[in-house]
Trainee: 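Input: one structure, supplied below.
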Amino acid sequence: MNNINIGLIIDRSGSVENEKLALENSIKLLIESFKRKYKESTDLKLLLIIWGNNDLSIQENDFKRINLEKIEARDRSIKEILEIIEEKFKKLRGDKKIILFSDGYFEDEDDRFLNERKESKENEIEQISVGIGEGYKKTTLEKFSTNKVVFEYQDVYDFI
């Protein structure tokens, strides 16, 4: 059996607090995409990290073949969140991805971390950015993304 491991970092701080419904729909679409694409041959480990206001309602019913773990990261930095995901993924087999849903307006410490960060070939975890809210900071989200591309909500279907 194959495995897919996804860490979803959901920014719920500040200006993206108004994006609750769109974020919930994106997460549901991602799960539906997985269920349609991989019938019985693949398991999904999904780390759902809420960064900021933890008010998303994700129903855990009908999660066959999906191992969901929710983590609240209200006051953590992006660096700390990535370290949590990397630690949890360290011994897991299969594809590994981190998807960040954010407007890209981070604290100065997080901006510096993304600017100084070196790409690690040994890490092998693909990082994907999804811009949320009007006027998201594309340049910051490009720094997070492995391929330096920022996606939109509707692109979520293609991430798995």
Side-chain angles (χ1 to χ4, degrees), residues 1-78 80-106 123-134 136-138 140-142 144-160:
M1 183 159 291
N2 298 323
N3 296 311
I4 297 176
N5 308 285
I6 297 179
L8 285 182
I9 304 171
I10 310 297
D11 184 353
R12 295 291 298 130
S13 64
S15 64
V16 293
E17 286 183 342
N18 297 329
E19 300 293 325
K20 179 182 177 192
L21 185 59
L23 285 166
E24 288 173 344
N25 288 337
S26 290
I27 294 166
K28 290 174 188 170
L29 183 61
L30 188 74
I31 291 167
E32 284 303 314
S33 171
F34 169 79
K35 288 197 275 189
R36 285 190 183 128
K37 189 171 182 179
Y38 301 100
K39 299 295 181 196
E40 298 294 328
S41 62
T42 304
D43 287 331
L44 173 64
K45 166 78 173 172
L46 184 62
L47 291 176
L48 180 60
I49 296 111
I50 309 298
W51 192 18
N53 192 15
N54 188 1
D55 62 351
L56 295 179
S57 93
I58 304 299
Q59 300 299 322
E60 296 184 37
N61 54 352
D62 197 29
F63 271 36
K64 194 168 84 175
R65 295 181 359 266
I66 299 175
N67 177 356
L68 175 67
E69 180 180 350
K70 294 180 182 176
I71 299 171
E72 191 170 324
R74 182 176 299 271
D75 297 321
R76 298 198 184 236
S77 69
I78 191 73
E80 292 170 319
I81 292 170
L82 289 172
E83 288 170 352
I84 290 168
I85 295 170
E86 288 169 357
E87 183 62 33
K88 293 205 174 265
F89 281 1
K90 191 185 296 183
K91 295 180 183 170
L92 298 178
R93 293 180 187 216
D95 291 343
K96 299 173 186 178
K97 299 179 184 192
I98 299 172
I99 304 172
L100 170 66
F101 288 83
S102 179
D103 62 357
Y105 290 92
F106 301 144
N123 194 349
E124 302 282 333
I125 300 177
E126 180 182 7
Q127 293 183 192
I128 299 167
S129 295
V130 179
I132 59 174
E134 291 185 31
Y136 59 82
K137 199 172 176 184
K138 187 175 181 182
T140 301
L141 295 175
E142 287 172 337
F144 178 86
S145 180
T146 302
N147 297 322
K148 310 297 183 231
V149 175
V150 179
F151 293 95
E152 304 288 331
Y153 285 122
Q154 63 271 20
D155 300 319
V156 169
Y157 197 79
D158 299 323
F159 292 161
I160 291 190

Trainee: Please report the interatomic distance CG(Leu8) to CD1(Ile128), rounded to the nearest 0.5 Å.
Mentor: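 If I round to the nearest 0.5 Å, the distance is 9.5 Å.
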Trainee: Say whether, by atom type as modelled, one donor and one acceptor occur between the side chain of Ser33 and the main chain of Leu29 under 3.5 angstrom.
Mentor: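 Side chain of Ser33 to backbone of Leu29: no pair is present.
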Trainee: Looking at side-chain heavy atoms only, is the closest gap between Ile4 and Lys97 below 4.5 Å?
Mentor: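 A side-chain contact is absent here, since even the closest heavy-atom pair is not under 4.5 Å.
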Trainee: With rounding to the nearest 0.5 angstrom, report the CG to CD distance, Leu100 to Gln127.
Mentor: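 The CG atom of Leu100 sits 8.5 Å away from the CD atom of Gln127.
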Trainee: Hey, are the side chains of Leu23 and Val16 touching, using non-hydrogen atoms and a 4.5 Å cut-off?
Mentor: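 The answer is no; the side chains never approach within 4.5 Å.
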Trainee: Taking all heavy atoms of Asn18 and all of Arg12, pick out the closest pair and write down the distance.
Mentor: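 For Asn18 versus Arg12, the nearest heavy atoms are N-NH1, 4.4 Å.
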Trainee: Please report the shortest heavy-atom distance between Arg74 and Asn54, naming the atom on each side.
Mentor: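 The answer is NH2-N, 3.8 Å.
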Trainee: Heavy atoms, side chains only, cut-off 4.5 Å: are Ile9 and Ile85 in contact?
Mentor: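 Side-chain contact under 4.5 Å: yes.
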Trainee: For Asp103 and Lys137, indicate whether the former's side chain and the latter's backbone hold a donor-acceptor pair under 3.5 Å.
Mentor: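 Here the side-chain-to-backbone pair does not exist.
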Trainee: We want to know whether Asp11 and Ser13 form a side-chain donor-acceptor pair, criterion being a heavy-atom distance below 3.5 angstrom.
Mentor: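 Yes - a donor-acceptor pair under 3.5 Å links their side chains.
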Trainee: Any non-hydrogen side-chain atom of Leu56 less than 4.5 Å from a side-chain atom of Ile10?
Mentor: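 Touching, per the 4.5 Å side-chain cut-off.
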Trainee: Quick one: CD1 on Ile6 to CD1 on Ile99, what's the gap to the nearest 0.5 Å?
Mentor: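 Reported to 0.5 Å precision, the distance equals 4.5 Å.
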Trainee: For the OG atom of Ser26 and the CZ atom of Phe151, what is their distance to the nearest 0.5 Å?
Mentor: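 That separation rounds to 13.5 Å.
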Trainee: With side chains defined as the heavy atoms from C-beta onward, is the minimum distance between Phe144 and Ile98 less than 4.5 Å?
Mentor: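 In contact.
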Trainee: Under 3.5 Å, which donor-acceptor pairs link side chains of residues 44-53 to any protein atom two or more places apart or in another chain?
Mentor:
residue: Lys45; atom: NZ; partner: Glu69; partner atom: OE1; Å: 3.1
residue: Trp51; atom: NE1; partner: Arg76; partner atom: O; Å: 2.8
residue: Asn53; atom: ND2; partner: Asp55; partner atom: OD2; Å: 3.4

Trainee: Step through the shown structure and confirm whether more than 12 heavy atoms of other residues, nucleotides or ligands are within 6.0 Å of NZ on Lys88.
Mentor: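 No.
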Trainee: Rounded to the nearest 0.5 Å, how far apart are NZ of Lys90 and CD of Glu86?
Mentor: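 Going from the NZ atom of Lys90 to the CD atom of Glu86 covers 9.5 Å.
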Trainee: Starting at CZ of Phe101, measure out to CG of Leu141 and round the result to the nearest 0.5 Å.
Mentor: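 Nearest 0.5 Å value for the CZ-CG distance: 11.5 Å.
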